[in-house]
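Let me begin by presenting the structure, written as C-alpha cells, before commenting on it.
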Number of protein chains: 2
Amino acid sequence: MLTKSSTELVRQRNSVLVLATLRRHGPLAHTEISDFTRLSSATVSAITADLEKAQVIEKSEQQAASGRGRPRVLLRQRRDCGYLIVVIISSDAVQYSLVDYSGKLIDRFSEERSHDPDGAGRFVNGVRAGLERILSRSRIEREKVLLISISSKGLVNSSEPVLVWSPIFGSDQIDFELALKPEWKAKVILDNETLLVAAALGAREENVKGADFRSLAALSLGHSIGLGIVRRTTHGGHEVSAPNFGHMLHMANGGLCRCGTRGCIEAYAGFYAILRTAFEVPLDTIPAKFVPVAELDKIAARARQGHRISGFAFRQAGLALGNGLSRMLSLTERMPIAITGPGTRYYDLLRQGIEEGLGQSHMVRREGMPELRVVADEQILVFEGHLNRALAVIDEDIVVAGLQGGD
Amino acid sequence: MLTKSSTELVRQRNSVLVLATLRRHGPLAHTEISDFTRLSSATVSAITADLEKAQVIEKSEQQAASGRGRPRVLLRQRRDCGYLIVVIISSDAVQYSLVDYSGKLIDRFSEERSHDPDGAGRFVNGVRAGLERILSRSRIEREKVLLISISSKGLVNSSEPVLVWSPIFGSDQIDFELALKPEWKAKVILDNETLLVAAALGAREENVKGADFRSLAALSLGHSIGLGIVRRTTHGGHEVSAPNFGHMLHMANGGLCRCGTRGCIEAYAGFYAILRTAFEVPLDTIPAKFVPVAELDKIAARARQGHRISGFAFRQAGLALGNGLSRMLSLTERMPIAITGPGTRYYDLLRQGIEEGLGQSHMVRREGMPELRVVADEQILVFEGHLNRALAVIDEDIVVAGLQGGD
DNA sequence: GATTTTTTTCTCGACAGTCGAGAAATTTAG
DNA sequence: CTAAATTTCTCGACTGTCGAGAAAAAAATC
C-alpha cells in the first residue's frame with residue numbers, strides 16, 4: 001500500500017539531503033550546499049538554521065579569504081553532536097572503534113578472542129565489557145553514543161540486530177539489541193561483513209561513475225565465503241543485501257561443510273575445503289575448525305610449482321565459486337564482481353576455475369563474462385562501510401527525532 | 001545520490017494515492033477516500049477537484065440514499081479517460097485485449113501463431129497488425145490509447161521494452177518501443193509473463209494479509225520454466241523481478257538445453273526434457289522444438305502406474321527445480337512458492353523431487369521447507385498482473401503529466 | 001582613502017500543500 | 001415542521017519551497 005505524503009516529510013527528506021552532502025563533501029558554504037542539493041538558497045538557509053539551532057552543525061570560524069567578495073562561512077558537522085561505536089567481529093579478534101559525528105576516528109583497540117568454544121553467552125559479555133572499556137577510555141557521556149554498529153560474518157536478520165547463523169557460533173542466535181539494552185540507550189545495528197564491503201565499494205563506484213553506476217557484488221574469500229550485493233534503486237538510493245552465498249548449494253550430495261550440510265559452496269572454496277582437497281582427505285570428513293593461513297600458503301606454493309593435486313584443489317574451489325556466481329547472476333543482472341578477503345592472495349590459482357565455472361552458464365555465454373576485479377584492504381572497506389551506513393542512520397534519526405532546538 | 005523533495009511532489013504522490021485507492025476499492029465517497037488514504041477531508045476535496053477538472057474522475061450520478069444524512073456522492077474513474085491494450089504473447093498464439101481506464105475488458109481476440117520460424121521481423125509486423133485490428137474494431141481514437149502492455153516468456157530488459165532473449169526467438173532481440181513508435185504515441189511496456197503472475201499473486205496476498213505480506217515467488221512450469229519474485233519494499237510498494245531462472249545452471253556439463261548451453265534447469269525440468277529423460281534419449285540430443293502435451297500426459301499416466309523410467313523423469317525434473325529454488329532462496333529470503341502453469345497437472349509426480357531438491361541445502365535445513373502451493377489459472381493471473389501494473393503506470397503518468405484541466 | 005565590483009548570506013513576499021474546524025447541504029426520525 | 005445525523009465543502013492557520021533582491025564584506029580600482 002502506498003502511503004501518504006506531507007510537507008513535513010519534504011522538510012525531513014531535504015534536511016537529510018543537506019546532512020548527506022555535508023558528509024560527502026566536507027565543510028561547505030551555503031552556496032555550495034545549494035549547488036549540490038539543487039535546493040534554493042532560501043531553503044538552505046532555513047534548513048541550516050534549524051540544524052544549527054539543534055546543535056547538529058556549526059558555522060566554521062572565519063577562514064582565510066580565498067577570493068574576493070564576502071568571505072564564505074563554512075558549515076560543518078559538530079563533532080560533539082554524537083558518537084558512534086563500531087564493533088567488527090572477526091574469527092580471531094573483536095575490534096572496537098570510537099568515531100565522532102564527523103566520521104573521525106577517536107580511539108580504537110582490538111581484543112583477541114579465545115579459541116576455546118566460549119559460547120554465545122560469554123562472547124556477548126565480552127562485547128559488553130569491550131564497549132564499557134572504549135567508553136571509559138574516552139571522556140564521553142554514555143548518552144552521547146547514538147549508535148552501535150556491529151558487523152560479523154554470517155547470516156543476519158535484515159530488520160533486527162540478530163545474528164541468525166555464523167561460522168563461529170553456528171545456530172546459537174545472538175540478539176545484540178536485547179543484550180545491550182540494559183546499559184545502552186543507543187540504537188544497535190548489525191550487518192554482515194561482506195555487505196558492508198559491497199556498500200563501501202558501491203559508494204566509491206558511484207562517486208566515480210555517478211549515475212552510470214548500477215550494481216556491484218563483493219565476494220569475500222577466506223575461511224568462509226561471503227557475498228554482498230549493492231544495487232541502485234529507482235529513487236537514487238542504494239539497496240544492499242548479503243545472501244547466504246557460502247552455503248548455497250554447489251553440488252547435490254557433495255562435500256561435507258562446516259554447517260553440517262553437504263555440497264555447500266564453502267565446502268569447496270573455503271580455506272579448509274581447499275586443504276581437504278589438496279590432502280586428498282575424503283570429502284565427507286568433518287572439516288578442521290581453524291586452518292592456519294601458512295598451511296594454505298604452502299599448498300599454494302606447491303601448486304605454483306606445478307604440483308597437480310594442489311593446483312586441482314584451487315581449481316576446484318574456483319569452479320564452485322564460478323558456478324555459484326553464475327547462478328547469482330542468473331537471478332540478478334550482470335554486474336562487476338569485486339573479490340576481497342585473505343583469499344585474494346591465491347587469485348592467480350583460482351582465476352581459471354572461476355572463469356570456467358562462470359562460463360558454463362547460459363547467462364554468461366549470452367552476455368559475456370562479468371568484470372572481475374581484485375580489491376585488497378578488505379578491513380578498510382569494512383570500516384568504510386560501517387561509517388557510510390551508520391552515519392547515514394544517525395543523520396536520519398536526528399532529523400526524524402525532530403529538530404526542536406538543542407538544549 | 002538522494003534527490004530533493006518539494007511540495008509539488010507531495011501533491012503528485014497523494015494524487016496517485018487517491019487514484020490507486022479508487023482503483024482498488026471501486027467508486028468511493030469523499031469520506032471513504034479520506035479514511036483509506038488517511039488524508040484529511042480538505043485535501044481529498046482539493047485533489048478530487050483537480051482530477052475532476054482534468055476529466056480523470058467523475059461524480060457518480062444519483063444513487064439510492066443508503067442512510068440518513070446528506071447522501072454520498074460517489075467518485076469513480078471516467079472510463080473514457082483512456083484505454084489500454086494488453087498483448088499476451090504465448091508460444092502458440094497472441095492474445096489482444098482492449099481495456100478501459102476503469103479496468104473493464106472491452107474487446108478481446110487471439111491470433112494463432114504459425115509454427116514455422118517466421119522470424120522476429122515478421123512477428124513484429126503481426127503484432128502491429130493485431131494492434132490495428134483491435135483499434136479499428138472499437139470506435140476509439142488512437143490518441144486515447146495511453147499504454148500498450150506486452151508480456152512474453154523470456155528475458156526482458158528491465159528499463160526498456162526490449163525482449164532480450166526468448167524461447168521462441170532466441171537472441172533475436174525485439175525492441176517493441178522502436179517497432180511501434182511510428183504509429184503509436186502510447187507508451188509501451190514489456191514484462192516477463194511470470195513476473196506478472198508473481199505481481200498478481202503478491203497483490204492478492206497483500207489484500208489478504210495486509211502488512212504481514214513480505215515476499216513471494218511464482219514458478220511457472222511448462223515447455224520452459226519461469227520464475228517471478230515479488231517483495232515489499234520499505235516504502236510499502238512492491239518490487240518485482242523475473243530472473244533468468246530456467247537457464248540458471250543446474251549441473252555443470254549436464255543435459256543440453258534449447259538455449260544451446262548445457263546443464264540449465266530447463267534442460268531437466270522443461271517438458272521436452274522430461275520427455276527426453278523418459279525415453280532415455282541421450283542428454284546431449286538436441287531437444288524437440290515443440291512437445292504436444294498429450295505426449296507428456298501419456299508419460300505421466302505410465303509414471304502413475306509405477307513405470308520406473310517415467311517416474312524417474314519427473315523426479316529428476318523435480319530435483320532440478322528443488323535445487324534451483326534452494327539456490328534462489330539462499331540468495332533471497334525464505335518465501336512461499338506458488339507453482340503455476342500447465343506443468344501443475346504433474347505436480348503429484350514432481351513434488352517429491354522438488355522437496356528433496358530443496359532439502360539438500362543448508363538454508364532449508366535451517367529454516368525449514370518453504371510453503372509450496374499450487375495455483376491454477378495462470379492465464380487469469382497474467383492478465384490480472386497486466387492490469388495491476390499497467391493501470392498503475394497510467395495513473396502515475398496522468399498525474400505526472402500534470403492536471404492542467406482537460407479540454 | 002573613497003568608490004566600485006564581486007561574491008556570499010540573509011530576508012521577504014509569493015505560491016503550493018496539508019490540516020482541523022466549522023459551515024452548508026440534505027435526508028431521516030420524531 | 002423541527003431536530004438529529006451524515007456528508008461535503010470552505011476558510012484560516014501552518015509549514016514548506018522558491019526567486020528576487022537587500023545586506024554584508026572583502027578585493028579591485030580610481
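Because only heavy atoms are used, hydrogens play no part in the values below, and waters and symmetry mates are left out as well, while side chains stay in. In what follows, chains carry the letters A, B, and so on, assigned in the order in which the sequence lines appear, proteins first and then strands, with residues in each chain numbered from 1.
For B/Phe213, the ring pair (Phe, Tyr, Trp, His ring centres under 6.0 Å) partners at least two apart in sequence or on another chain are B/His238. By the side-chain hydrogen bond (donor to acceptor under 3.5 Å, both in side chains) test, A/Ser34 is found to be paired with no residue, residues two or more places apart in sequence or in another chain being considered. When the side-chain hydrogen bond (donor to acceptor under 3.5 Å, both in side chains) test is applied to A/Lys185, no partner is found at least two apart in sequence or on another chain. Residues passing the side-chain contact (heavy atoms from CB on, under 4.5 Å) test with A/Glu8, sequence neighbours excluded: A/Ser6.
Rounding to whole angstrom units, CD1 of residue B/Ile47 and C1' of C/dG17 are separated by 9 Å. Distance CZ (A/Arg11) to C1' (D/dT17): 9 Å, rounded to an integer number of Å. Across the protein-nucleic acid pair, A/Glu8 atom CD and D/dA13 atom P stand 18 Å apart, rounded to whole Å. In this structure, the CG atom of A/Leu17 is 16 Å from the P atom of D/dG16, given to the nearest Å. Distance, A/Ile57 CD1 to C/dT9 P: 12 Å, rounded to whole Å. Atom CG in A/Leu75 sits roughly 12 Å away from atom C1' in C/dT8 (whole-Å rounding). To the nearest angstrom, P of D/dC18 lies 7 Å from CG of A/Asn14. Counting to the nearest Å, the C1' atom of D/dC14 and the CG atom of A/Asp50 are 15 Å from each other.
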task: List the protein contact pattern of nucleotides 4-11 of chain D with one symbol per nucleotide (5' to 3'): B for base contact, S for sugar-phosphate-only contact, - for none; contact means a heavy-atom distance under 4.0 Å.
output: -BBBBBBB

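Under 4.0 angstrom from either OP1 or OP2 of D/dC18 there lies at least one side-chain N or O belonging to A/Thr43. Note on B/Thr7: every side-chain N or O is 4.0 Å or more away from OP1 and OP2 of C/dA16.
A cation-pi arrangement is absent between B/Arg142 and B/Tyr83, since the terminal nitrogen or guanidinium carbon is not both under 6.0 Å from the aromatic centre and inside a 45° cone about the axis.
Across the helix from C/dG1-D/dC30 to C/dG30-D/dC1, the helix axis at one end is tilted relative to the axis at the other end by 30° (nearest 10 degrees, each axis from five pairs).
Residue A/Asn388 comes nearest to A/Ala200 through the heavy atom pair ND2-CA, 3.8 Å, listed as atom of the first residue, atom of the second, then distance. Between A/Ser215 and A/Pro336 the shortest heavy-atom distance is O-CD, 3.2 Å. The two atoms that bring A/Asp100 and A/Arg79 nearest to each other are OD2-CD, 2.9 Å, heavy atoms only. Contact between B/Leu75 and B/Thr48 at its shortest, heavy atoms only, is CD1-CG2, 3.5 Å.
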